[in-house]
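Reviewing the structure listed below.
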Amino acid sequence: IEMAFEAANGMLVSNHSYGIPADALPVALLGKYDNRAQEWDLLAQNYPYYLIVTSAGNSRNIGANLPDGGFDLLTSNANAKNVLTVGATTGVANYAGPSSVAIARFSSWGPTDDGRVKPDISTKGVDMYCTDSTGDSQYINRSGTSMSSPAVAGGAILLQQYYNNLHNNFMKAATLKGVILHTVDEAGASNGPD
């Protein structure tokens, strides 16, 4: 309800750094396009300028879904089709090719049960300098897809601002998602999404 209210009032990007740990669900629900994923896709359809950015989760290497080799760990809304699901890397100081990028050991990954590659994108999520809840001016280093997802959401709203400065309007969320996905550097053992 809150997301729909904000989107109806012009919100362009929202970050959702929360989810259900993979080991808290039966294996049959991992990678499943469930009711919550469907609800988020319906929100994206009803508010075409609203980009929902969500964290992929931190369930890799905790022993969840071993029959699938530790793959297929995304839960609920992270499986939505029209949101931008974000994984975490260790960070890249100097990109020199695909081997420069290392996925964070905790970052959850797909594929989804219907075969889609998820997360959609990954960025630094290890040792991120961020605010701390112990005080208004307190900072701490944290790791997780809850750190990488807001970095992507922040970049997304900056792209919207820049586009609006140039064209006096905003991109649709699908266009914004496409622009973001076409700015990535190749990573992984295979060319293309992996």
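Gln160 has its side chain within reach of Leu176: a pair of non-hydrogen atoms, C-beta onward, lies under 4.5 Å apart. With contacts defined as side-chain heavy-atom distances shorter than 4.5 Å, the pair Leu181/Leu84 qualifies. Inter-residue side-chain proximity for Leu159 and Gln161 is flagged as unmet; no heavy-atom pair is nearer than 4.5 Å. Using a 4.5 Å cut-off on side-chain heavy atoms (C-beta onward), Trp109 and Pro119 make contact.
For Thr134, the side chain to side chain contact (heavy atoms under 4.5 Å, CB included) criterion is met by Asp132, Gln138, not counting sequence neighbours.
Atom NZ of Lys32 has 12 or fewer heavy atoms from other residues, nucleotides or ligands within 6.0 Å. Around the NE2 atom of His182, the shell of radius 6.0 Å holds no more than 12 heavy atoms that belong to other residues, nucleotides or ligands. More than 12 non-hydrogen atoms from other residues, nucleotides or ligands lie less than 6.0 angstrom from CG of Asn169. Taking a 6.0 Å sphere around CG of Asn165, one finds it holds more than 12 heavy atoms contributed by other residues, nucleotides or ligands.
A continuous path of Ile, Leu, Val, Met, Phe, Trp and Tyr side chains, each step under 4.5 Å between heavy atoms, connects Ile121 with Val13, placing both in one hydrophobic cluster. Both Val179 and Phe170 are assigned to one and the same hydrophobic cluster, defined by single-linkage of ILVMFWY side chains at heavy-atom distances under 4.5 Å. Tyr163 and Tyr49 fall within the same hydrophobic cluster, where Ile, Leu, Val, Met, Phe, Trp and Tyr residues are linked whenever their side-chain heavy atoms come under 4.5 Å apart, directly or through other members.
Relative orientation of the Tyr129 and Tyr139 rings is parallel, given thresholds of 30° and 60° on the angle between their planes.
A donor-acceptor distance shorter than 3.5 angstrom exists from the side chain of Arg60 to the backbone of Ser107, with no hydrogens or angles considered. Not a single donor-acceptor pair under 3.5 Å links the side chain of Asn79 to the backbone N or O of Ala37. A distance-only check finds a donor-acceptor pair linking the side chain of Thr54 to the backbone of His16 [under 3.5 Å]. A donor-acceptor pair under 3.5 Å is formed between the side chain of Asn58 and the backbone N or O of Thr145. No donor-acceptor pair under 3.5 Å is formed between the side chain of Ser59 and the backbone N or O of Pro21. With hydrogens and angles ignored, the 3.5 Å screen pairs a side-chain donor or acceptor of Tyr95 with a backbone N or O of Glu186. The backbone N or O of Val83 sits less than 3.5 Å from a side-chain atom of Lys177, completing a donor-acceptor pair. For the pair Thr85 (side chain) and Ala78 (backbone), a donor-acceptor distance under 3.5 Å is present. Using modelled atom types, no side-chain atom of Ser149 and backbone atom of Ser146 make a donor-acceptor pair closer than 3.5 Å.
Between Asp34 and Arg36 there is no salt bridge, since no side-chain nitrogen of the basic residue lies less than 4.0 Å from a carboxylate oxygen of the acidic one.
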side-chain contact (heavy atoms from CB on, under 4.5 Å) for Met3 and Tyr50? Distances and angles first, verdict last.
CA-CA 9 Å; Met3 292 167 70; Tyr50 176 51; 3.6 Å; yes

Start with the C-alpha distance between Ile140 and Cys130, add both sets of side-chain angles, then the distance that settles side-chain contact (heavy atoms from CB on, under 4.5 Å), and finish with yes or no.
CA-CA 6 Å; Ile140 191 170; Cys130 64; 4.1 Å; yes

Quick one: do Asp113 and Tyr33 satisfy side-chain contact (heavy atoms from CB on, under 4.5 Å)? Show the steps, please.
CA-CA 7 Å; Asp113 287 352; Tyr33 186 75; over 6 Å; no

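Taking each heavy atom of Gly188 and Pro98 in turn, the nearest pair found is O-CB, 3.6 Å. When all heavy atoms of Ser108 and Ala56 are compared, the pair lying nearest together is CB-O, 3.5 Å.
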